[in-house]
Amino acid sequence: QILMLEKLLEKELSKGQIAPQSQLANDRIQLLRDALNWESLPLRNQAADMIEKTVKHLPWSKKHKKQRKQDISQLRQVKKE
């Protein structure tokens with residue numbers, strides 16, 4: 001899922017500007033939601049890194065920016081049962 005998002009980012013960047021309602025935007029939200037449930041901290045960190053890489057090219061909406069930053073921060077923490 002992380003690699004798929006990276007390939008999609010590269011594809012979208014080669015086209016030019018990335019639209020807010022693009023497949024990239026949808027896929028990164030799905031990765032974020034899925035990764036929050038992963039047990040592996042290294043994989044969670046990889047997902048967070050990849051999501052942050054997409055944000056450089058397609059920023060979060062003002063409406064969701066604060067929550068998404070909290071989600072990324074949560075990804076980087078050890079999951080508590």
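Note that these values count all heavy atoms, side chains included, but never hydrogens, waters or copies made by symmetry. Keep in mind that this is a model prediction, so the values were computed, not measured.
Atom CD in Gln77 sits 10.5 Å away from atom CG in Leu36 (nearest 0.5 Å). To the nearest 0.5 Å, atoms CG (Asn45) and CE (Met50) are separated by 14.5 Å. With values rounded to the nearest 0.5 angstrom, Asp71 atom CG is found 9.0 Å from Arg33 atom CZ. For the atom pair CG (Leu43) and CD1 (Ile2), the distance works out to 5.5 Å, reported to the nearest 0.5 Å. Residue Lys7 holds its NZ atom at 13.5 Å from CG of Asp27, rounded to the nearest 0.5 Å. With rounding to the nearest 0.5 Å, the separation of CG in Leu24 from CD1 in Ile29 is 10.0 Å.
Remark: the backbone N or O of Glu39 is not paired with any side-chain donor or acceptor of Arg44 at under 3.5 angstrom.
Counting non-hydrogen atoms of neighbouring residues, nucleotides and ligands closer than 6.0 angstrom, the CD atom of Gln67 exceeds 12 such neighbours.
Taking every heavy atom of both residues into account, Pro20 and Ala25 meet most closely at O-CB, 3.1 Å.
Checked by atom type, the side-chain pair Asp34/Gln30 shows a donor-acceptor distance below 3.5 Å.
Screening Lys56, Arg76, Arg28 for a salt bridge (charged side-chain N to carboxylate O under 4.0 Å, His left out) involving Asp49 leaves a single residue, Arg76. Under the side-chain contact (heavy atoms from CB on, under 4.5 Å) rule, Arg68 has a single partner from Lys66, Gln70, His64, which is His64.
Note on Met4 and Leu13: separate hydrophobic clusters, where clusters join Ile, Leu, Val, Met, Phe, Trp and Tyr whose side-chain heavy atoms are under 4.5 Å apart, directly or indirectly. Following chains of ILVMFWY side-chain contacts shorter than 4.5 Å, one can reach Leu58 starting from Val55, so the two form part of one hydrophobic cluster.
A heavy-atom distance below 4.5 Å is not found between the side chains of Leu9 and Leu5. Annotation: side chain of Trp38 is not in contact with side chain of Gln46 (no heavy-atom distance under 4.5 Å).
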